[in-house]
Amino acid sequence: MQQKSHPIATEDNVARYQLTSFHFGAPGQGRKAYIQASLHADEVPAMLVAHRLRQALERLDAAGRVKGEVILVPVANPIGLSQVIHGAPFGRFDLATGVNFNRSYKHVADDLKVSLQGKLGPDAAANAALVREHARRSVASWVPKNATEELKKTLLGMAIDADVMLDLHCDNEAVLHLYTGTPLADDVKPLAALLQAHAVLLATESGGEPFDEACSRVWWELAGHFGAATPVPMGCIGVTVELRGENDVRYDLAERDAHALLQYLARLGIVDMELDPLPAPLCAPTPLEGVEPLHAPQSGVLVFLKTLGERVAAGDTVAEIVNPVSGKTVQVKTPQDGILFASTAHRHLVKGMHVCKIAGAQGYRTGNLLTA
């Protein structure tokens, strides 16, 4: 195992940050996995899972059982971790710019459509190697405008040529769920089963250039651009893993999740460990366009009548909002069948605030499919 430090924001008159990565196996000896935790800095469950992963990977590496290369970044956002407002951590948005830390990554496909013109051939494996080479070069050419873009460039530089990229997050309150690209649905099914995900949300482009799509969307976009005569394979399985809710910080959950992630890497031939039987999946993948965000129709006290992970039917009352002054109670109903997979942790809402999300089977939304 090798530990590396990456300095961020190195000007003498401002705060400096340090990003740390752990490297297992050896570059070029097999398939590459990149795993990072808590890109939204205050999403803490991912850090504990990364801690358990590091312990297991150290043992596997010492025994010569890391057959590929694994890069682990257990704390992906030192800038966000330093943002505390009146005693409360604030790690989702960069306070300097207002930009979400999981948005606005460089979309290298734009560069590669130009730089690869006339260079690809009929060999898919050779084309994949060329894509990775040009992708690394494209990220290296990114000129950051501020410290947060320096951080984003550093993270993407480690991940852009990975065969599998797992970005570990959590929601406000939630059951475990995944976001991934529609072309990767079959590749991600074993991971969803191992993690016992309650929802797997698919999109070819979710909007906003999140980290997982910065790594994976380039492949299917280039495949469509260059055509069948010069095949470009799906070279990166990019997945955002939402590890339940912010307060689900428990050793038993972290141990279970870390083991499931290692089992997935073992199935990809990246680590050598005995395979567990693959459990039955809890859900089928559904389109991200089918996620129904519900909002508060009035201000008041939020009372949930349905529980996370529960299947609901169109017209069901998911929650009620009680105005304690007027006494008026309004119902929050779902317009479609689906799984209640995430909700706010707040129990007093102002009109229009987010209540919960339902994963439905039929896509209906367009445009930017992610929240800010």
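Bear in mind the structure is a predicted one, so any value in this text is a computation, not a measurement. Residues: numbered from 1 along the sequence shown.
Taking a cutoff of 4.0 Å between a charged side-chain nitrogen and a carboxylate oxygen, R16 and D12 qualify as a salt bridge. Salt bridge present: R217 and E209 bring a charged side-chain N and a carboxylate O closer than 4.0 Å. Ion pair R52/D257 not flagged as a salt bridge, since none of the NZ, NE, NH1 or NH2 atoms sits closer than 4.0 Å to an Asp/Glu carboxylate oxygen. Electrostatic pairing of R136 and D161 counts as a salt bridge here, judged by a charged N lying under 4.0 Å from a carboxylate O. A salt bridge is absent between K333 and D316; no separation between the charged side-chain nitrogens and carboxylate oxygens falls under 4.0 Å. Of the charged side-chain nitrogens involved, none lies within less than 4.0 Å of a carboxylate oxygen, so that D94 and R103 do not count as a salt-bridged pair. Between R137 and E133 there is a salt bridge, since a side-chain N of the basic residue sits under 4.0 Å from a carboxylate O of the acidic one.
A single hydrophobic cluster is seen to contain both V249 and Y251, as judged by linkage of ILVMFWY side chains at heavy-atom distances under 4.5 Å, directly or through other members.
By the 4.5 Å heavy-atom criterion applied to side chains, T180 and T240 are not counted as neighbours. Between I71 and F22, every side-chain heavy-atom pair lies at or beyond the 4.5 Å cut-off. Considering only heavy atoms from C-beta on, M165 comes within 4.5 Å of D212 through its side chain. Between L155 and L19 the shortest side-chain heavy-atom distance falls below 4.5 Å. Between T20 and P74 there is no side-chain heavy-atom pair separated by less than 4.5 Å.
Side-chain atoms of D163 come within 3.5 Å of backbone N or O of K32 as a donor-acceptor pair. No donor-acceptor distance shorter than 3.5 angstrom exists from the side chain of D171 to the backbone of A174, with no hydrogens or angles considered. A donor-acceptor contact shorter than 3.5 Å is absent between the side chain of Q331 and the backbone of E320. Side-chain atoms of T97 come within 3.5 Å of backbone N or O of V99 as a donor-acceptor pair. Looking at Q29, its side chain does come within 3.5 Å of a backbone N or O of V66 through a donor-acceptor pair. Counting only distance, with no hydrogens or angles, the side chain of Q298 and the backbone of I321 share a donor-acceptor pair below 3.5 Å.
Using cut-offs of 30° and 60° for the angle between ring planes, the Y34 and F211 rings count as tilted. Relative orientation of the H6 and H23 rings is tilted, given thresholds of 30° and 60° on the angle between their planes.
Taking a 6.0 Å sphere around CD of Q362, one finds it holds 12 or fewer heavy atoms contributed by other residues, nucleotides or ligands. Atom NZ of K351 is surrounded by 12 or fewer heavy atoms from other residues, nucleotides or ligands within 6.0 Å.
The two residues C215 and A159 come nearest to each other via the heavy atoms SG-CB, 3.8 Å.
Close placement of the F341 and H177 rings is indicated, their centers lying within 6.0 Å of each other.
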